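First up is the structure itself, then whatever we jot down about it.
What you see below is based on every heavy atom in this structure, not just the backbone, and it leaves out hydrogens, waters and symmetry mates. Computed from a predicted structure; not experimentally measured.
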Amino acid sequence: MNAYFEKKLQEISEDDMQFAAYKAVNNTVVIAGPGSGKTTVLTLKVMQLLAEMIYPPRGLACLTYSTEAVREFKSRLVKLGLEKRKNVFLGTVHSFCLSEIITPFAALYPQYKIPLPIRIISEAEKNRLFNSQNYEGTPKLIDVDKERTRNIKGISRVAIESYDIALKAAISFEELLIQNEYLDFISMVKKSVELIKNESYVRKALEAKYPWIIVDEYQDLGKPLHELILTLLNLTRIKVFAVGDADQSIYDFQGAAPDYLIELSQRQDVSCIHLKNNYRSSQTIVDASEYVLKSSRGYIASGKLQDYHAKLEFIECSKGMDEQYERVIEQISRFHTEGIPYHEIAVLVGNNKQVTELAQECSRQNIPAYIARQTFRLTDLIIWIQNCAKWVSDKCSVSFDEICSTWKSFISQKRIISEDDYFLLKRTIFQTLTASKVYKDNLSEWLCYLDKKVGIVSAFTASERYPDEIDNYNKLLETARSHDTQLTIKFLTRLGIPENQVVLTTRHSSKGLEFDVVILPGMEKDSFPSYYDNTPRKLAEARRLCFVSVSRARKACILIRSKNLQNQYGRWFSKEPSPFWVALQEFQDSRSDY
Ligand SMILES: Nc1ncnc2c1ncn2[C@@H]1O[C@H](COP(=O)(O)OP(=O)(O)OP(=O)(O)O)[C@@H](O)[C@H]1O
């Protein structure tokens, strides 16, 4: 193990609960609040398992929610000294199901009607197919997909009320996809669960390869993953180490719910460890976020800022969003003048339209701003392109071999690559990347050069494994072309890392991030929670979203609201404050020392 690993291990050995999680030898759920060092514990745990408990050729599978989380996780493991090892899977649940269950086993069990060769439906085609049906009550695809995700029978006793109209359509749409010989991300996971549930050979093969399965952000992963884990616990000797926080479950629209993590943590055969220390924020912020949650969790500020006198402030505007944006700019300037770097200030808003409006206002006021979420997604291809950009900028920052092997895996979906082909391919990639340095100051030209030489568009056009990559690549290209100031490849190498820029993002996308100062505009009733958060379940989720938003802050949290707002037709309405604003004000008033 390297010196960095030793340093981190030393750090967690001073926290009893973190250390207990690190040492766990049985099924374990770690309930980890914001800033509790969960990624630190999880990455150290993976290193420990591989070094001390799992011997080659066996390995482990580590499942996370998004490709972004996978990337962050991998880079932390490399820093801790993880070396390439066979049978160590780090990826999303979907990629695990596709590469470890569907691809090796689907052909053995035709009764599951998994279309072969595997054909994944593109988002555009899925929308077209859905819209071609006239489902009763005209449900939205997003609601139908949510019902499809939850409509999986099995071991879990969690009962979540379904939306009947969407559920009916969900059953028909699922059949329609199969009839058309398509898989989508939902059916991929559901079919995998069926295979694991019913086929002992599939379970045995998984058990042989993966004695441990590690799951990050369990609360975000929904019912199919939950059923998969429960089945493995009931029917195999695979051990499970899961980390999550039910209070940070904010993806109900995708079928996630806090209940699954809670159910897992209550099993007799699973030990539950609570991480109570918060290494991020001051105690004021920790207490304020818990107050919004309306549940005391007993989190204790334990980092450098534990005694910091944090600011919790409330700004009222008499007019609409334009005035709120003006106040936001004032606050950014104020904190910047006080010495807080721009990248340590974040503005968390309700939707992407507000992100765009605010970015325009920042540009008018000469405040450098960074939009945390781009129009393109960080898919496998975009991460590959990003790695190429990194290699062009600094040859030691990424492995050239990995760039080549990933490209090989992309194109081998369409044709067999011999050893000679691979040698030539490596040479082409090497020559292309080396020569592409001349375009590094113009991202769109660099992308076009890369495509011309390596053949990105031709490799992914009509791809049955990667049906959405071309669309996504085009969005990246559009971004490269449409920026006011010319983007360089640095935009890609530093994606997700603001450079002395204020971070603008939605509250939902702020999960996992942290800043000295968090500014929260839009704190009116019916804005946050939204007018549509009209059931107890939806309200509870909005409350958790506020908990996530406030707990991003280390030193200050500034809330802004309008007393009057204009609707889309230009009519003004008076607005009451959000219940979360009211709660936080109540919290502040109750603190005698404030
Ligand atoms: N035992 C510890 N002692 C001191 N610092 C710690 C300890 N554990 C974690 N940290 C520090 O706390 C910070 C947050 O850790 P980490 O990123 O692992 O938290 P997290 O729980 O994954 O955060 P998130 O809320 O984003 O999920 C890091 O800077 C980490 O080094």
Side-chain angles (χ1 to χ4, degrees), residues 12 15-46 49 60-65 69 93 149-150 152 154-160 193 196 212-252 254-278 289-290 293-300 511-512 537 540-541 543-544 547-548 551:
I12 69 158
D15 179 320
D16 291 348
M17 290 298 117
Q18 285 185 334
F19 200 60
Y22 173 75
K23 283 286 182 189
V25 290
N26 292 314
N27 297 317
T28 304
V29 169
V30 182
I31 305 288
S36 60
K38 95 181 147 52
T39 316
T40 308
V41 172
L42 207 61
T43 44
L44 289 172
K45 182 78 199 168
V46 168
L49 286 172
L60 60 75
C62 184
L63 313 182
T64 68
Y65 169 70
V93 178
T149 301
R150 289 204 173 136
I152 171 167
I155 302 160
S156 173
R157 293 281 158 261
V158 171
I160 296 177
V193 176
I196 291 178
W212 281 80
I213 291 195
I214 316 277
V215 188
D216 191 12
E217 306 276 18
Y218 198 91
Q219 76 285 352
D220 290 337
L221 291 163
K223 192 163 182 202
L225 182 272
H226 185 51
E227 281 297 332
L228 188 146
I229 294 293
L230 296 184
T231 309
L232 293 178
L233 282 173
N234 282 4
L235 300 179
T236 72
R237 282 173 301 170
I238 292 176
K239 291 204 176 134
V240 172
F241 185 89
V243 181
D245 182 8
D247 295 333
Q248 294 188 64
S249 174
I250 55 172
Y251 297 125
D252 171 82
Q254 289 176 346
D259 317 51
Y260 305 126
L261 174 62
I262 295 169
E263 185 177 55
L264 182 70
S265 71
Q266 288 169 347
R267 280 178 65 111
Q268 297 289 320
D269 55 352
V270 174
S271 312
C272 184
I273 295 174
H274 289 261
L275 302 185
K276 292 280 184 194
N277 290 327
N278 179 317
S289 59
E290 276 189 45
L293 205 54
K294 275 194 168 166
S295 287
S296 174
R297 297 286 182 240
Y299 293 134
I300 303 158
K511 193 142 160 288
R537 186 165 272 279
E541 169 137 326
R543 188 171 293 290
R544 293 193 294 271
F547 171 72
V548 168
S551 61

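- Residues satisfying the side chain to side chain donor-acceptor pair (under 3.5 Å) criterion with Thr236, sequence neighbours excluded, are absent altogether.
- The distance from the CD1 atom of Ile196 to the CD1 atom of Ile229 is 8.5 Å, given to the nearest 0.5 Å.
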Practice item. Check step by step if side-chain contact (heavy atoms from CB on, under 4.5 Å) holds for Asn234 and Arg267. Key: CA-CA 11 Å; Asn234 282 4; Arg267 280 178 65 111; 2.7 Å; yes
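- Glu290 and Arg297 make their closest contact through OE1-N, 2.7 Å (heavy atoms, listed as atom of the first residue, atom of the second, distance).
- Residues meeting the side chain to side chain donor-acceptor pair (under 3.5 Å) test with Asp220, sequence neighbours left out: Lys511.
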Check your understanding: Run the side-chain contact (heavy atoms from CB on, under 4.5 Å) check on Val243 and Val41 step by step: do they pass?
Key -> CA-CA 9 Å; Val243 181; Val41 172; over 6 Å; no
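- Taking CG of Leu264 as the reference point, atom CG of Asp259 lies at 12.5 Å (rounded to 0.5 Å).
- Considering only residues two or more places apart in sequence or on other chains, Arg544 meets the salt bridge (charged side-chain N to carboxylate O under 4.0 Å, His left out) condition with Glu541.
- Going from atom OH of Tyr299 over to atom NE2 of His274 covers 8.0 Å, rounded to the nearest 0.5 Å.
- In terms of the side-chain contact (heavy atoms from CB on, under 4.5 Å) criterion, residue partners of Thr149 (sequence neighbours excluded) are, by chain and number, Ile186, Pro224.
- Across all their heavy atoms, Ala246 and Pro258 have their closest contact at O-CB, 3.5 Å.
- Under the salt bridge (Lys or Arg N to Asp or Glu O under 4.0 Å) criterion, the residue pairs touching residues 222-233 are Lys197-Glu227, with sequence neighbours excluded.
- Annotation: salt bridge (charged side-chain N to carboxylate O under 4.0 Å, His left out) contacts of Asp252 (sequence neighbours excluded): Lys146, Arg150.
- A donor-acceptor contact shorter than 3.5 Å is absent between the side chain of Lys276 and the backbone of Ser36.
- When every heavy atom of Ala32 is checked against every heavy atom of Asp245, the shortest pair comes out as O-CB, 3.2 Å.
- Shown here are the salt bridge (charged side-chain N to carboxylate O under 4.0 Å, His left out) partners of Arg237, two or more places apart in sequence or in another chain: Glu207.
- For Ala20, the side-chain contact (heavy atoms from CB on, under 4.5 Å) partners at least two apart in sequence or on another chain are Ile273.
- With sequence neighbours left out, the side chain to side chain donor-acceptor pair (under 3.5 Å) criterion links Lys45 to Gln48.
- Partner of Ile214 under the side-chain contact (heavy atoms from CB on, under 4.5 Å) criterion, chosen from Leu42, Thr28, Thr64, Leu63: Leu42.
- Atom CG of residue Leu233 and atom CG of residue Asp269 lie 5.5 Å apart, to the nearest 0.5 angstrom.
- Distance check: Asp16 CG to Leu275 CG gives 11.5 Å after rounding to the nearest 0.5 Å.
- Take Asn26 and apply the side chain to side chain donor-acceptor pair (under 3.5 Å) test, not counting sequence neighbours, and it matches no residue.
- In this structure, the separation between CD1 on Ile262 and SG on Cys272 is 10.0 Å, given to the nearest 0.5 Å.
- The two residues Ile160 and Ala257 come nearest to each other via the heavy atoms CD1-CB, 3.6 Å.
- Screening residues 28-38 for salt bridge (Lys or Arg N to Asp or Glu O under 4.0 Å) gives Lys38-Asp216, Lys38-Glu217 as the qualifying pairs, with residues at least two apart or on separate chains.
- For residues 220-247, every residue pair satisfying the ring-ring contact (aromatic ring centres under 6.0 Å, His included) rule, not counting sequence neighbours, is listed here: Tyr218-His226, His226-Tyr260.
- Considering only heavy atoms from C-beta on, Gln248 stays 4.5 Å or farther from Leu261 through its side chain.
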